[in-house]
Amino acid sequence: MITRYALFDGQIHEGQSDAFRTAVLAEILPKWRQFPGALSVRVTFAESRDEGAPEYPMILAISYPDLPSVDAALASPVRSEARAATESVLARFFTGKIHHHVTTAHEYAPL
């Protein structure tokens, strides 16, 4: 299984945390959940972050069964809609960068 992470590295505008969270769940997450082949799509916000997770205000993770599924999702027209929704929310509530990272899920399995 492959998980592609979008790491949101920056700051939510002062006093906008609740509005940002609402916009992510209502405007961004549904678009990314339409990716073909995605097994799961989840968002982790800083206040609900697991102990030891990276220090990012938000992490978006999409898991796929294999690399061909990732390639198909990235080539899908759904990607441009998801990116547009993400950019719209970020422009309103967020200052910073997005870092993309692809890894296999087994790297995070307990030792």
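As the structure is a computational prediction, the values presented were derived from the model and not from experiment.
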Candidate pair Leu90 and Lys97, rule side chain to side chain contact (heavy atoms under 4.5 Å, CB included), full reasoning: CA-CA 9 Å; Leu90 294 182; Lys97 298 177 183 176; over 6 Å; no
Plane angle bin for Phe20 and Phe94 - parallel if under 30°, tilted between 30 and 60°, otherwise perpendicular: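 Because their plane-to-plane angle is under 30°, the rings of Phe94 and Phe20 count as parallel.
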Minimum-distance pair of heavy atoms, taken over all atoms of [X] and [Y]:
| X | Y | result |
| --- | --- | --- |
| Ser80 | Pro77 | OG-O, 2.9 Å |
| Glu27 | Val89 | OE1-CG2, 3.5 Å |
| Pro36 | Ala73 | O-CB, 3.7 Å |
| Phe35 | Ile62 | CD2-CD1, 4.3 Å |

Trace of the side chain to side chain contact (heavy atoms under 4.5 Å, CB included) decision for Thr95 with His13: CA-CA 7 Å; Thr95 302; His13 297 162; 3.0 Å; yes
Carboxylate-amine/guanidinium contact Glu87 Arg92, below 4.0 Å: no
Check: [Y] and [X] side chains under 4.5 Å, non-hydrogen atoms:
| X | Y | answer |
| --- | --- | --- |
| Thr86 | Phe8 | yes |
| Met1 | Tyr64 | no |
| Val24 | Val43 | yes |
| Leu29 | Leu60 | yes |
| Phe93 | Thr22 | no |
| Arg33 | Ser40 | no |
| Arg83 | Ile28 | no |
| Ser63 | Ile2 | no |

Working to the nearest 0.5 Å, report the span between [atom1] of [X] and [atom2] of [Y].
| X | Y | atom1 | atom2 | result |
| --- | --- | --- | --- | --- |
| Leu67 | Leu74 | CG | CG | 10.0 Å |
| Glu81 | Arg79 | CD | CZ | 13.0 Å |
| Arg42 | Tyr5 | CZ | OH | 5.5 Å |

Any donor-acceptor pair under 3.5 Å from Ser76 side chain to Ala72 backbone: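 Between the backbone of Ala72 and the side chain of Ser76 there is no qualifying donor-acceptor contact (under 3.5 Å).
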